[in-house]
Amino acid sequence: LFLSIEERPIAAASLAQVHRAVTREQEEVAVKVLYPSLRRELASDFAVFRMMGAQIKPGGYDLQWVVQDFEEAMKMELDLQSEARNARQAARDLRRRDNVKVPRILDSLTCASVLTMELEDGLMKVSDS
(Lines give C-alpha, C1' and ligand atoms only; values in the text may rest on other atoms or scores of the structure.)
Protein backbone atom coordinates (compact mmCIF):
# COMPACT_ATOMS: atom_id res chain seq x y z
CA LEU A 1 0.00 0.00 0.00
CA PHE A 2 2.87 2.37 0.78
CA LEU A 3 6.37 2.74 -0.61
CA SER A 4 7.54 3.51 2.90
CA ILE A 5 6.19 4.16 6.35
CA GLU A 6 8.26 5.47 9.24
CA GLU A 7 8.34 3.19 12.24
CA ARG A 8 8.58 6.03 14.74
CA PRO A 9 5.25 7.86 15.09
CA ILE A 10 5.08 11.62 14.58
CA ALA A 11 2.15 11.79 17.02
CA ALA A 12 0.55 9.43 19.52
CA ALA A 13 -2.53 9.41 21.72
CA SER A 14 -4.54 6.96 23.79
CA LEU A 15 -6.37 5.34 20.83
CA ALA A 16 -3.98 5.66 17.89
CA GLN A 17 -0.67 6.90 16.59
CA VAL A 18 0.28 8.75 13.41
CA HIS A 19 3.15 7.80 11.09
CA ARG A 20 4.70 9.64 8.16
CA ALA A 21 4.50 7.56 4.96
CA VAL A 22 4.94 7.77 1.18
CA THR A 23 2.30 6.35 -1.17
CA ARG A 24 3.04 4.44 -4.37
CA GLU A 25 2.28 7.72 -6.18
CA GLN A 26 5.13 9.39 -4.24
CA GLU A 27 2.79 11.50 -2.08
CA GLU A 28 3.83 12.19 1.51
CA VAL A 29 0.97 11.29 3.83
CA ALA A 30 0.07 10.98 7.48
CA VAL A 31 -1.26 7.55 8.45
CA LYS A 32 -3.28 7.30 11.67
CA VAL A 33 -3.41 3.72 12.96
CA LEU A 34 -5.50 2.44 15.86
CA TYR A 35 -3.58 0.36 18.36
CA PRO A 36 -4.06 -3.26 17.20
CA SER A 37 -5.56 -4.81 20.34
CA LEU A 38 -7.64 -1.79 21.34
CA ARG A 39 -11.03 -3.01 20.05
CA ARG A 40 -10.63 -6.40 21.73
CA GLU A 41 -9.53 -4.87 25.03
CA LEU A 42 -12.38 -2.34 25.04
CA ALA A 43 -14.95 -5.04 24.23
CA SER A 44 -13.73 -6.98 27.25
CA ASP A 45 -13.79 -3.86 29.43
CA PHE A 46 -17.32 -2.97 28.38
CA ALA A 47 -18.54 -6.50 29.10
CA VAL A 48 -17.32 -5.97 32.66
CA PHE A 49 -18.86 -2.47 32.82
CA ARG A 50 -22.23 -3.80 31.63
CA MET A 51 -22.15 -6.59 34.22
CA MET A 52 -21.26 -4.15 37.00
CA GLY A 53 -23.86 -1.66 35.78
CA ALA A 54 -26.55 -4.34 35.98
CA GLN A 55 -25.63 -5.17 39.59
CA ILE A 56 -24.68 -1.81 41.10
CA LYS A 57 -27.48 0.71 41.49
CA PRO A 58 -26.33 3.60 43.70
CA GLY A 59 -29.28 5.06 45.56
CA GLY A 60 -31.53 2.71 43.60
CA TYR A 61 -30.75 4.43 40.28
CA ASP A 62 -30.16 2.32 37.18
CA LEU A 63 -27.08 3.77 35.50
CA GLN A 64 -26.72 1.24 32.67
CA TRP A 65 -27.55 4.00 30.21
CA VAL A 66 -24.27 5.70 31.15
CA VAL A 67 -22.33 2.57 30.19
CA GLN A 68 -24.32 2.26 26.94
CA ASP A 69 -23.76 5.90 26.00
CA PHE A 70 -20.05 5.68 26.78
CA GLU A 71 -19.71 2.45 24.78
CA GLU A 72 -21.45 4.02 21.76
CA ALA A 73 -19.21 7.10 21.98
CA MET A 74 -16.10 4.90 22.12
CA LYS A 75 -17.28 2.89 19.09
CA MET A 76 -17.53 6.14 17.15
CA GLU A 77 -14.04 7.13 18.26
CA LEU A 78 -12.73 3.76 17.06
CA ASP A 79 -14.17 4.18 13.53
CA LEU A 80 -11.63 6.07 11.46
CA GLN A 81 -13.94 5.98 8.43
CA SER A 82 -16.34 8.08 10.49
CA GLU A 83 -13.47 10.43 11.30
CA ALA A 84 -12.72 10.65 7.57
CA ARG A 85 -16.35 11.60 6.83
CA ASN A 86 -16.18 14.26 9.54
CA ALA A 87 -12.92 15.63 8.12
CA ARG A 88 -14.46 15.89 4.63
CA GLN A 89 -17.48 17.71 6.11
CA ALA A 90 -15.20 20.06 8.05
CA ALA A 91 -13.26 20.78 4.83
CA ARG A 92 -16.50 21.64 3.03
CA ASP A 93 -17.75 23.80 5.90
CA LEU A 94 -14.45 25.68 6.24
CA ARG A 95 -13.43 25.91 2.56
CA ARG A 96 -13.90 29.70 2.45
CA ARG A 97 -11.60 30.30 5.44
CA ASP A 98 -8.12 31.23 4.23
CA ASN A 99 -6.60 30.56 7.64
CA VAL A 100 -7.92 26.98 7.94
CA LYS A 101 -6.52 23.89 6.22
CA VAL A 102 -8.15 20.47 6.57
CA PRO A 103 -5.89 17.76 5.12
CA ARG A 104 -7.36 15.80 2.18
CA ILE A 105 -8.37 12.22 3.00
CA LEU A 106 -7.09 9.40 0.79
CA ASP A 107 -10.12 7.11 0.75
CA SER A 108 -8.35 4.26 -1.03
CA LEU A 109 -5.92 4.01 1.91
CA THR A 110 -8.50 4.49 4.68
CA CYS A 111 -10.53 1.89 6.57
CA ALA A 112 -12.06 1.51 10.05
CA SER A 113 -8.60 1.10 11.65
CA VAL A 114 -6.43 3.26 9.36
CA LEU A 115 -6.92 6.87 8.29
CA THR A 116 -4.64 8.26 5.58
CA MET A 117 -4.49 11.97 4.78
CA GLU A 118 -2.19 14.36 3.01
CA LEU A 119 0.72 15.40 5.19
CA GLU A 120 0.69 19.06 6.08
CA ASP A 121 4.02 19.92 7.64
CA GLY A 122 3.71 22.73 10.12
CA LEU A 123 0.18 21.89 11.24
CA MET A 124 1.51 19.76 14.03
CA LYS A 125 4.38 20.44 16.37
CA VAL A 126 6.05 17.32 17.69
CA SER A 127 8.11 17.54 20.84
CA ASP A 128 9.91 15.10 23.11
CA SER A 129 8.96 17.15 26.17
Side-chain angles (χ1 to χ4, degrees):
L1 295 173
F2 299 97
L3 285 179
S4 65
I5 186 164
E6 292 182 7
E7 185 175 338
R8 184 175 180 199
I10 58 174
S14 58
L15 302 179
Q17 56 191 25
V18 179
H19 296 267
R20 181 184 301 263
V22 178
T23 68
R24 291 181 178 165
E25 294 75 27
Q26 305 289 323
E27 182 177 3
E28 278 196 274
V29 294
V31 181
K32 182 176 182 177
V33 182
L34 290 181
Y35 293 115
S37 62
L38 190 61
R39 278 195 178 90
R40 184 177 62 251
E41 291 170 4
L42 283 175
S44 174
D45 290 347
F46 277 108
V48 172
F49 295 157
R50 284 190 301 274
M51 182 182 68
M52 290 174 60
Q55 296 174 6
I56 300 171
K57 303 198 184 319
Y61 292 104
D62 183 357
L63 299 179
Q64 288 183 331
W65 66 270
V66 175
V67 174
Q68 289 173 332
D69 280 3
F70 185 54
E71 185 173 11
E72 288 302 313
M74 287 305 299
K75 284 180 183 176
M76 288 177 57
E77 288 293 318
L78 295 175
D79 181 0
L80 296 184
Q81 287 175 317
S82 176
E83 185 172 333
R85 284 189 299 275
N86 291 337
R88 283 191 295 276
Q89 183 63 51
R92 284 190 297 274
D93 292 347
L94 299 169
R95 67 183 175 273
R96 291 185 178 87
R97 302 282 309 258
D98 293 335
N99 60 341
V100 175
K101 170 68 174 160
V102 179
R104 178 178 47 83
I105 303 299
L106 282 76
D107 290 316
S108 64
L109 299 172
T110 295
C111 64
S113 300
V114 177
L115 173 64
T116 304
M117 65 192 83
E118 67 181 326
L119 183 65
E120 291 289 338
D121 281 324
L123 285 184
M124 177 187 331
K125 181 177 179 177
V126 178
S127 170
D128 289 324
S129 58

Would you list the atom pairs, donor with acceptor, under 3.5 Å between side chains in residues 45-61 and any protein atom, with sequence neighbours excluded?
unit_1	atom_1	unit_2	atom_2	d
Arg50	NH1	Glu71	OE1	2.8
Arg50	NH1	Glu71	OE2	2.8
Lys57	NZ	Ala54	O	3.1

Checklist outcome for this item: Heavy-atom nearest pair, Tyr35 first then Ala12, reads OH-CB, 3.9 Å

Item to check | Closest non-hydrogen atom pair, Ala112 against Leu34 | outcome: O-CD1, 3.9 Å

Item to check | Separation between CZ of Arg95 and NZ of Lys101, rounded to the nearest 0.5 Å | outcome: 14.0 Å

Next on the checklist: So for atom CZ, which belongs to Phe70, do other residues, nucleotides or ligands contribute more than 12 heavy atoms lying within a distance under 6.0 Å?
Outcome noted: no

Item to check | Ser113 side, atom OG; Gln81 side, atom CD - distance, nearest 0.5 Å | outcome: 8.5 Å

Checklist entry - Of all heavy-atom pairs between Leu106 and Thr23, which one has the smallest distance, and what is that distance? => result CD2-CG2, 4.1 Å

Checklist entry - Linking Ile, Leu, Val, Met, Phe, Trp and Tyr by side-chain heavy atoms under 4.5 Å, what else ends up with Leu3? => result Val22

Item to check | Min side-chain heavy-atom separation Val31-Leu109 under 4.5 Å | outcome: no

Checklist entry - What are the two closest non-hydrogen atoms of Cys111 and Leu80, and how far apart are they? => result O-CB, 3.7 Å

Checklist entry - Does a side-chain heavy-atom distance below 4.5 Å link Leu119 with Ile10? => result yes

Checklist entry - Is it true that atom CZ of Arg24 has more than 12 heavy atoms of other residues, nucleotides or ligands lying nearer than 6.0 Å? => result no

Checklist entry - Does CG in Asp98 sit with more than 12 non-hydrogen atoms of other residues, nucleotides or ligands closer than 6.0 Å? => result no

Checklist entry - Quick one: do Leu42 and Val67 end up in the same hydrophobic cluster if we chain Ile, Leu, Val, Met, Phe, Trp and Tyr together by side-chain heavy atoms under 4.5 Å apart? => result yes

Item to check | Atom of Glu77, atom of Leu15 and distance for their closest heavy-atom approach | outcome: CB-CD1, 3.8 Å

Checklist entry - If you round to the nearest 0.5 Å, how far is CG of Asn86 from CG of Asp93? => result 10.5 Å

Item to check | Distance in Å, Thr116 OG1 paired with Arg104 CZ, rounded so as to fall on 0.5 Å steps | outcome: 11.0 Å

Checklist entry - Looking only at heavy atoms, which two atoms of Val102 and Glu118 are closest? And how far apart? => result O-OE2, 4.2 Å

Checklist entry - In Å and rounded to the nearest 0.5 Å, what is the CZ to CD distance from Arg85 to Glu83? => result 11.0 Å

